[in-house]
S.K.: 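Have a look at this one.
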Number of protein chains: 2
Amino acid sequence: MTARRPRERGVTIEDVARAAGVSRQTISNALNAPHRLKAETLERVSAVIDKLGYRPDQSARSLKSGTRRIIAYPTPVDDPANPNPLMGGFLEAVVAASGEAGYRILLVRPRPGQSQEQALDELIAARTVDGFLLSDILRDDPRVAHLTSTGFPFAAFGRTLPDQPQSWVDVDSVQAVIDLVGLVAARGHRQVAFLASTSGQPWMDDRRDGFLAGVRRHGLAGQVYSVPGDDPGEIVTATRDRLAGRNRPTAIIAGGDWLALGVYTAARAQGLEIGRDLAVAAFDDLPITAFLQPALTTVRLPLRRIAEALIGRLLQIIEDGVTPQAGLMLPGELVIRPSLGP
Amino acid sequence: MTARRPRERGVTIEDVARAAGVSRQTISNALNAPHRLKAETLERVSAVIDKLGYRPDQSARSLKSGTRRIIAYPTPVDDPANPNPLMGGFLEAVVAASGEAGYRILLVRPRPGQSQEQALDELIAARTVDGFLLSDILRDDPRVAHLTSTGFPFAAFGRTLPDQPQSWVDVDSVQAVIDLVGLVAARGHRQVAFLASTSGQPWMDDRRDGFLAGVRRHGLAGQVYSVPGDDPGEIVTATRDRLAGRNRPTAIIAGGDWLALGVYTAARAQGLEIGRDLAVAAFDDLPITAFLQPALTTVRLPLRRIAEALIGRLLQIIEDGVTPQAGLMLPGELVIRPSLGP
DNA sequence: GGAGCTGGTTTGAACGTTCAAAGCGCTTAT
DNA sequence: ATAAGCGCTTTGAACGTTCAAACCAGCTCC
C-alpha cells in the first residue's frame with residue numbers, strides 16, 4: 001500500500017470560460033475548431049488561454065474523444081553485452097517524426113511472465129495507445145498475427161505476410177547486397193565469401209540471400225560461413241580459418257559492420273592488407289567504423305526515412321482508417337569507401 | 001482536417017458489474033483494493049473479469065485518480081552522425097526498472113520553436129505524466145531549475161545544485177579516473193596525458209578533474225589535450241602530434257572509449273605498441289571495444305543500477321511525496337584489460 | 001433492547017473534456 | 001409577414017472510472 005500524494009489540480013476549461021466570459025464549448029472550439037469562432041472572440045479567448053496557461057487535460061480529452069495521441073513501441077529486449085547500436089538513432093528518428101504529428105512514443109515491454117501478445121492486449125484493452133510501432137519483425141511474427149486478428153492499428157519495420165496488413169516498411173537488403181557483390185565483381189574478385197551471424201536476426205537471411213543472388217548473377221564463386229552469436233573471438237577465429245584455408249576468398253562481405261570489425265582483426269593477424277589483399281564490405285554504417293583503416297564500405301540504413309514512412313503509415317490507419325495497399329521497400333544507401341580497394 | 005475513425009468501445013466496468021451481479025465499485029475494489037472483498041466474492045468477480053478480459057480504461061482512471069503511471073523522458077537530441085551508443089542500453093534499463101513498478105516511459109521532445117521548459121510545462125499542464133526522468137544534466141540545468149520552481153517530481157542522471165532537490169544519481173567519474181591514474185602510476189608511468197573532447201558533454205569535466213586529482217596525488221606529470229568535437233580525424237591527428245612531440249606521454253587516459261579508438265589508430269601509425277610502448281585506458285566500455293587488440297581497460301557505467309536508483313527515487317517522490325535528502329553517487333566499474341600493460 | 005461497531009457492499013457525485021443538439025440574432029427568400 | 005437559412009454560441013449529456021459517504025446485516029456491550 002503506497003500512499004498517493006494528493007495531486008493539485010490545474011486550470012480547467014471552466015476557469016478559462018469564466019475568465020473570458022464565454023461558455024466551456026467556446027474554449028474547446030478555440031483550440032479544436034478555431035474556424036467556428038468569430039475572429040474577435042477567438043483573439044480574446046486565445047489571450048485568456050495564454051494568460052492562464054491553459055492546456056486541456058489529456059485524460060479527460062482522451063476519455064471523451066477516444067484518441068490518445070500516443071504510439072506504443074514494444075522495445076526489443078537487448079542483449080546487455082551487445083546492445084543494438086542503431087537503437088538510439090532509430091528512436092531519435094521515430095520521436096522526431098511522431099512529434100511532428102503531435103504524437104508521442106510510449107516504450108512498453110511485457111511484464112515478467114507475460115507474453116508479447118498479452119502485453120499488446122493489455123494496452124489495447126486499457127485504451128492506453130492509438131497504435132503500435134513494431135520493429136525486428138520475424139517472418140511469421142506473433143505480434144503481427146495478433147494485431148491483424150484484432151484489427152488494431154500498427155506499422156511494422158520489416159515485412160509482414162501477404163495476408164496481413166501491408167503497413168510495413170523495410171530496407172531492400174537483398175538489392176543492397178547484390179549491389180555490393182557487383183562492386184566486388186567489377187574489381188575482378190572471383191572468390192567471394194559472406195559472413196553471417198546465426199543469432200536469429202531476421203534481416204540476416206535477406207542479406208545472405210542477396211549475396212547468393214549476387215554471386216549467381218555475376219558468375220562468382222561464393223561461399224557462406226557463419227558464427228553462432230556476436231562474440232568477437234568467434235568471429236575472428238572463424239574468419240582467420242577461412243582466410244588460411246583453401247579457396248581463400250579475396251573479398252568478404254559481412255552481414256553487419258559488427259562482423260566486419262572481426263574481419264579487419266583477422267586479416268591483420270594474417271598479414272593481409274584490407275583494400276589490397278582483401279576487399280571488405282558490410283552493412284549498417286555504425287559510426288564507430290569511422291576509425292577503421294582503410295575506411296569500411298558499407299550500406300547505411302535510411303533511418304530518418306524509415307521512421308517517417310512508418311509513422312506516416314501508422315497515422316494514416318489511425319486517423320483516416322486507411323490501410324496501405326502495399327509495403328514500402330526503401331533502398332539502402334551504398335557508402336563506398338577504400339576497404340573495397342581501388 | 002483529418003477524419004477521426006470512430007473507435008469502438010471496449011468492455012467497461014458496468015458490463016462486468018452486470019455480468020457478476022454486483023455493483024461498479026465492487027469491481028473497482030476487486031482490482032484496486034481486493035482486501036475489501038469477501039474471499040468468495042473476490043473469486044467470483046475475478047473470474048468474470050478474466051472471462052470478459054476487462055481492463056480499466058486508462059484515461060478514465062487517470063481522470064478520476066489524477067495519476068497516469070507514465071514517466072516522461074526528454075530524449076537528448078543526438079548528433080545523427082554520432083548517436084550516443086549507450087542510449088539503447090540506458091533505455092533498456094530504464095524500461096525494465098519502471099515496468100517492474102507498473103510505470104511506462106514516454107519519450108518526449110520539444111516541438112520546433114519550443115524551449116525545453118515549455119515542453120515540460122506542456123506535459124505538466126496537460127497532466128500527461130507523473131514525473132520526469134532527466135539525463136545529460138548540465139551544471140546549471142534549466143530543466144532542473146524549472147522543475148524545482150514548479151515542484152514537479154523528477155529524478156536526474158547527473159548532479160543538481162545544492163539548493164535543488166537531491167533526487168539525482170550519478171557515477172563517480174572523478175574517483176574512477178583517479179583509480180585509473182593509480183593503475184597507471186603503479187606500472188611506473190610518469191608522463192601521463194588525458195584526452196578530452198570539448199563538445200560540451202557535462203561529464204567530461206569530471207573525468208578531466210579526476211585525472212588532474214590523480215596525477216597530483218601520485219606526483220605524476222600530467223598533461224591534458226583536447227579535441228573540439230568527436231571527429232575521428234581530429235582525434236587521431238591530435239594524438240599523433242602529442243605522441244610525436246616532446247614530453248611524449250607513456251600513458252594516455254581518454255575521456256571516452258570513442259576517443260580511445262583514435263588513440264589506438266594514432267599509436268599504430270607511430271609504430272607504438274599499445275600495452276608495451278603506450279598504456280591506454282578510457283571510459284564507457286562500449287561493446288565495440290571488444291575488437292580492439294590489445295583489449296581496452298575502461299570504466300563501465302552501471303546502467304542497470306543507475307536506472308533502478310533513478311526510478312526508485314522518482315517513484316518515491318511521486319507516490320510517497322518523499323524527496324531524497326542526498327544524491328546517490330555510484331562507483332564506476334573498473335574493467336582492467338591488457339591495454340594498460342603488464 | 002437500543003447504541004455502537006464491523007465487514008462487506010452499494011449509491012451518488014465528481015474528475016475535465018468533447019459531442020450532439022439546441023438556441024439566438026440576423027439576413028434573405030417566398 | 002413568416003419561414004428558412006446562416007454564423008456564432010450555449011446547453012445538456014456522456015465518456016468510464018474512483019472517491020466519499022451511505023447503507024445494511026450481524027454482533028457485542030452494558
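So that the names make sense, note that chain A is the first sequence line, chain B the second, and so on, each numbered from 1.
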S.K.: What is the distance, to the nearest angstrom, from the OH atom on B:Tyr54 to the C1' atom on D:dT17?
M.R.: 7 Å
S.K.: Across the strands shown, which category fits A:Thr41 at heavy-atom distances under 4.0 angstrom: base, sugar-phosphate, nothing?
M.R.: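 It contacts sugar-phosphate atoms only.
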S.K.: Rounded to whole angstroms, how far apart are CD on A:Glu14 and C1' on D:dT10?
M.R.: 12 Å
S.K.: Any side-chain N or O of B:Ser28 less than 4.0 Å from the OP1 or OP2 oxygen of D:dT18?
M.R.: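 Yes, within the criterion.
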S.K.: If only side-chain N and O atoms of B:Ser65 are considered, is one of them under 4.0 Å from the OP1 or OP2 phosphate oxygen of C:dC15?
M.R.: no
S.K.: Name the closest nucleotide to the A:Ser23 side chain, picking from D:dT10, D:dG16, C:dG16.
M.R.: D:dT10
S.K.: Write down the distance between CZ (B:Arg69) and P (D:dT18), rounded to a whole number of angstrom.
M.R.: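 Interatomic distance, CZ of B:Arg69 to P of D:dT18: 12 Å.
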S.K.: In terms of side-chain heavy atoms of A:Ile13, which of C:dC15, C:dT11, C:dT17 is nearest?
M.R.: C:dT17
S.K.: Less than 3.5 Å between a donor and an acceptor, one on the side chain of B:Arg127 and one on the base of C:dG16, is that the case here?
M.R.: no
S.K.: Just checking, is any N or O donor in the side chain of A:Ser23 or A:Thr26 under 3.5 Å from an acceptor N or O on the other one?
M.R.: yes
S.K.: Counting side-chain heavy atoms from CB outward, which of C:dT11, D:dT10, D:dT17 is closest to A:Gln25?
M.R.: D:dT10
S.K.: Which whole-number value in Å describes the distance from B:Lys38 NZ to C:dG8 P?
M.R.: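 Rounding to the nearest Å, NZ of B:Lys38 and P of C:dG8 are 8 Å apart.
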S.K.: Does C:dG8 have OP1 or OP2 under 4.0 Å away from a side-chain N or O of B:Arg36?
M.R.: no
S.K.: Looking just at side-chain N and O atoms, do A:His35 and A:Asn29 make a donor-acceptor pair shorter than 3.5 Å?
M.R.: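 No, no side-chain donor-acceptor pair sits under 3.5 Å.
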S.K.: Provide, to the nearest angstrom, the distance between the CG atom belonging to A:Leu63 and the P atom belonging to D:dA13.
M.R.: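 A:Leu63 atom CG is separated from D:dA13 atom P by 18 Å.
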S.K.: How long is the line joining NE2 of A:His35 and C1' of D:dC6, in whole Å?
M.R.: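 Going from A:His35 (NE2) to D:dC6 (C1'), I get 14 Å.
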S.K.: Mind calculating the distance between CZ (B:Arg24) and C1' (C:dG8) to the nearest angstrom?
M.R.: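 So the two atoms are 17 Å apart, to the nearest Å.
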S.K.: Side-chain donor or acceptor of B:Arg55 under 3.5 Å from a matching atom on the base of D:dG16?
M.R.: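 Answer no: no donor N or O sits under 3.5 Å from an acceptor.
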S.K.: Looking at A:Asn29, I'd like to know whether one of its side-chain N or O atoms comes within less than 4.0 Å of OP1 or OP2 on D:dT9.
M.R.: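 No, no such contact exists.
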S.K.: Write down the distance between CG (B:Leu37) and C1' (C:dT10), rounded to a whole number of angstrom.
M.R.: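 Whole-Å distance recorded here is 12 Å.
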S.K.: Answer yes or no: is there a donor N or O on one side and an acceptor on the other, between the side chain of A:Asp50 and the main chain of A:Ala47, under 3.5 Å?
M.R.: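 No: the side chain of A:Asp50 does not pair with the backbone of A:Ala47.
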S.K.: How about B:Phe132 and B:Tyr73: are their ring centres within less than 6.0 Å of each other?
M.R.: no
S.K.: Would the distance check show the side chain of A:Asp320 and the main-chain N or O of A:Val322 forming a donor-acceptor pair, the cut-off being under 3.5 Å?
M.R.: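 Judged by distance alone, no pair lies under 3.5 Å.
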